[in-house]
Student: 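Please see the structure below; I have some questions.
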Amino acid sequence: MEQLIVTSENFQARNRAFLFGDAVKVSFFVRNVELIMAEECYFFLMASMRKMRMNIPLSYTLEFFQNLFKEKIIDEGISDGIIQLLVYRNADENALEKADVSFYFEVKNLDDVLAIQGESEMDLIKEVNVNTNFLSTIHTHCPENIYAEIYAKENDLDDVIFLNPNKRIARSIFGNLLFLEGNVIKIPKTTEGAYISPLMENFVTFIHKNNLAEIQESEMIAFESQKSEEILMISDDKGLFSVTKIRNKTFEKTRFTEIVEKWKASFA
């Protein structure tokens, strides 16, 4: 199937997403012909739009997006995948806070959005860092990500670890990092520059409720990544990946794989 792309009615190429990166992006998830975690993703969308001071249409209800995705995606035969929704401000004559908004979305097909998609080799990047303010927690235009993605490809890496201005671990290009050591999973705080992630929050809540590990939101210096036994990267855009190598240190993936399998089974 060709990549499925859907836009609002009366799509205009001249819009503020194109001109200024004035947009927010939120992922929704389709699994086994059903929209999962819809409420969590929807409330994250609303929170992201508020942080960017967008004019939220009254029509943008949870039911609106559920019906939209069912009609345009599920009913079109897509049973599993990540919906990458971009909501942007139109380039109209209204004041910015009153400008109308439109949307664009495309679908990344996956066999199972909750499965570990593959392995990832990483390294630290020191040329650029990411901020720690509240806009860093949502998915907006980020030139640091673009620079780092090119840097990774030039250095035969799959991803990189960003530090914040305090030289502590924030996140990767594509998502958040979870560091397992013993029975403790450390996750950088959003105040460190990590993304808010409905996918990760669901996973972490499952771990906590089932006493599978102790969860610690942490402030982590870069060296602490080398002490970990396993590292998992969770991306709302791409899914889950086992981090198997950072520089000369290799990591196992057994325990996170077992936990992910239990998490997947909870959705059956």
Student: Is a side-chain N or O of Asp112 found less than 3.5 angstrom from the main chain of Leu114, in a donor-acceptor match?
Tutor: yes

Student: Looking only at side-chain N and O atoms, does Arg171 offer a donor or acceptor that is under 3.5 Å from a partner on Asn145?
Tutor: yes

Student: Linking Ile, Leu, Val, Met, Phe, Trp and Tyr by side-chain heavy atoms under 4.5 Å, what else ends up with Val130?
Tutor: Met122, Leu124, Ile125, Val128, Tyr147, Tyr151, Leu157, Val160, Ile161, Phe162, Leu163, Ile169, Ile173, Phe174, Leu177, Phe179, Met220, Ile231, Met233, Phe241, Val243, Ile246, Phe251

Student: Between Leu180 and Phe256, is there a side-chain heavy-atom distance shorter than 4.5 Å?
Tutor: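 Yes, their side chains come closer than 4.5 Å.
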
Student: Do any N or O atoms from the side chain of Asn15 and from the backbone of Ala17 form a donor-acceptor pair under 3.5 angstrom?
Tutor: yes

Student: Is Phe28 reachable from Val6 through a run of I, L, V, M, F, W or Y residues, each pair having side-chain heavy atoms under 4.5 Å apart?
Tutor: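 Val6 and Phe28: one cluster.
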
Student: Could you tell me which non-hydrogen atom of Ser48 sits nearest to which non-hydrogen atom of Val26, and how far apart they are?
Tutor: OG-CG2, 4.1 Å

Student: Count the heavy atoms of every other residue, nucleotide or ligand shown that sit under 6.0 Å from CD of Gln12, and state whether that count exceeds 12.
Tutor: no

Student: Met46, Ile138: one ILVMFWY side-chain cluster at the under-4.5 Å cut-off?
Tutor: yes

Student: Arg53 side chain to Leu96 main-chain N or O, any donor-acceptor pair under 3.5 Å?
Tutor: no

Student: Looking at Phe11, I want to see if its CZ is surrounded by more than 12 non-hydrogen atoms of other residues, nucleotides or ligands under 6.0 Å.
Tutor: yes

Student: Okay, side chain of Ser27, backbone of Asp236: is any donor-acceptor separation there less than 3.5 Å?
Tutor: yes

Student: Using 4.0 Å as the upper bound for N to carboxylate O, is an ion pair formed by Glu192 and Lys189?
Tutor: no

Student: More than 12 foreign heavy atoms under 6.0 Å from CD of Gln216: is that the case here?
Tutor: yes

Student: Examine distances only and state if a side-chain atom of Asn164 and a backbone atom of Asn166 form a donor-acceptor pair shorter than 3.5 Å.
Tutor: yes

Student: Answer yes or no: is there an ion pair linking Asp237 with Lys108, defined by an N-O contact shorter than 4.0 Å?
Tutor: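 No, Asp237 and Lys108 are not salt-bridged.
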
Student: Does the pair Ile207 and Ile259 meet the rule for a side chain to side chain contact (heavy atoms under 4.5 Å, CB included), with working shown?
Tutor: CA-CA 8 Å; Ile207 292 172; Ile259 294 172; 3.7 Å; yes

Student: Are Val33 and Phe267 linked, directly or through other ILVMFWY residues, by side chains that come within less than 4.5 angstrom of each other?
Tutor: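 Different clusters.
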
Student: Applying the side chain to side chain donor-acceptor pair (under 3.5 Å) test to Lys253, which of Glu119, Glu229, Glu258 qualifies?
Tutor: Glu119

Student: Counting only heavy atoms not in Lys249 (residues, nucleotides, ligands), do more than 12 fall under 6.0 Å from its NZ?
Tutor: yes

Student: Quick check: is Tyr195 connected to Met52 through a chain of hydrophobic side chains (ILVMFWY, heavy atoms under 4.5 Å apart)?
Tutor: no

Student: Tell me, do Glu154 and Ile150 make a side-chain contact under 4.5 Å, heavy atoms counted?
Tutor: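 Answer yes - side chains close enough.
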
Student: I would like to know whether Leu240 and Val260 meet side chain to side chain contact (heavy atoms under 4.5 Å, CB included); could you show each step before the answer?
Tutor: CA-CA 9 Å; Leu240 284 67; Val260 169; 3.8 Å; yes

Student: Could you give the distance from CD1 (Ile78) to CG (Leu110), rounded to the nearest 0.5 Å?
Tutor: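 Ile78 atom CD1 to Leu110 atom CG measures 11.0 Å (nearest 0.5 Å).
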
Student: Which distance, rounded to the nearest 0.5 Å, do you find between the OG of Ser242 and the CD of Glu252?
Tutor: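 Between Ser242 OG and Glu252 CD, I get 10.5 Å after rounding to 0.5 Å.
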
Student: Strictly by modelled atom types, are Asn131 and Ser136 linked by a side-chain donor-acceptor pair under 3.5 Å?
Tutor: no

Student: What closest approach, in Å, do Gln117 and Lys238 show between heavy atoms, and which atom pair accounts for it?
Tutor: CG-O, 3.7 Å

Student: If you measure from CG on Leu86 to OH on Tyr104, what distance do you get to the nearest 0.5 Å?
Tutor: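 Here the interatomic distance stands at 8.5 Å.
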
Student: Relative to each other, are the rings of Trp263 and Phe203 parallel, tilted or perpendicular (30° and 60° limits)?
Tutor: perpendicular

Student: Could you grab the distance from atom CD of Glu97 to atom CG of Asn55, nearest 0.5 Å is fine?
Tutor: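 Rounded to the nearest 0.5 Å, the CD-CG separation comes out at 9.0 Å.
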
Student: Ion pair present between Asp80 and Arg31, side-chain N to carboxylate O less than 4.0 angstrom?
Tutor: no

Student: Considering non-hydrogen atoms only, spot the tightest contact between Ile83 and Leu35 and give its length.
Tutor: CD1-CD1, 4.0 Å

Student: Decide yes or no on side chain to side chain contact (heavy atoms under 4.5 Å, CB included) for Thr244 and Thr250, but give the supporting numbers first.
Tutor: CA-CA 5 Å; Thr244 52; Thr250 57; over 6 Å; no

Student: Is there a path of hydrophobic side-chain contacts, each under 4.5 Å between heavy atoms of I, L, V, M, F, W or Y residues, that connects Ile234 with Val184?
Tutor: no

Student: Mark yes or no for whether Glu230, through its side chain, and Thr254, through its backbone, hold a donor-acceptor pair below 3.5 Å.
Tutor: yes

Student: What are the two closest heavy atoms between Gly193 and Thr132, and how far apart are they?
Tutor: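 Closest heavy-atom pair between Gly193 and Thr132: N-CG2, 4.1 Å.
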
Student: For a quick test of reading the model, state the closest non-hydrogen atom pair linking Glu121 to Asp158 and the distance between them.
Tutor: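 Smallest heavy-atom distance, with atoms named: N-OD2, 2.8 Å.
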
Student: Measuring from Asn202:CG to Met37:CE, what's the distance to the nearest 0.5 Å?
Tutor: 4.0 Å

Student: How long is the gap from CD1 on Ile196 to CG on Asn176, to the nearest 0.5 Å?
Tutor: 9.5 Å

Student: Working note: Leu85 + Val87, criterion side chain to side chain contact (heavy atoms under 4.5 Å, CB included); need CA distance, chi angles, decisive distance, verdict.
Tutor: CA-CA 7 Å; Leu85 173 72; Val87 177; 4.1 Å; yes

Student: Does a side-chain heavy-atom distance below 4.5 Å link Phe29 with Leu199?
Tutor: yes

Student: For residues Val101 and Arg89, report the shortest heavy-atom separation together with the two atoms involved.
Tutor: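 Where Val101 meets Arg89 most closely, the heavy atoms are CG1-CA, 4.2 Å.
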
Student: Ignoring hydrogens and angles, write down the donor-acceptor pairs under 3.5 Å from the side chains of residues 64-72, residues two or more places apart or on other chains.
Tutor:
residue	atom	partner	partner atom	Å
Asn67	ND2	Glu63	O	3.2
Lys70	NZ	Asp75	OD1	3.2
Lys70	NZ	Asp75	OD2	3.3

Student: Checking side-chain polar atoms at under 3.5 Å, does Lys51 have a donor or acceptor matched by the opposite partner on Thr140?
Tutor: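 Short answer, no.
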
Student: Could you tell me whether the side chain of Phe206 reaches within less than 4.5 Å of the side chain of Leu212, counting heavy atoms only?
Tutor: yes

Student: With a sphere of 6.0 Å drawn around CD of Glu93, does it hold more than 12 non-hydrogen atoms of other residues, nucleotides or ligands?
Tutor: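 Not buried by this count: 12 neighbours or fewer within 6.0 Å.
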
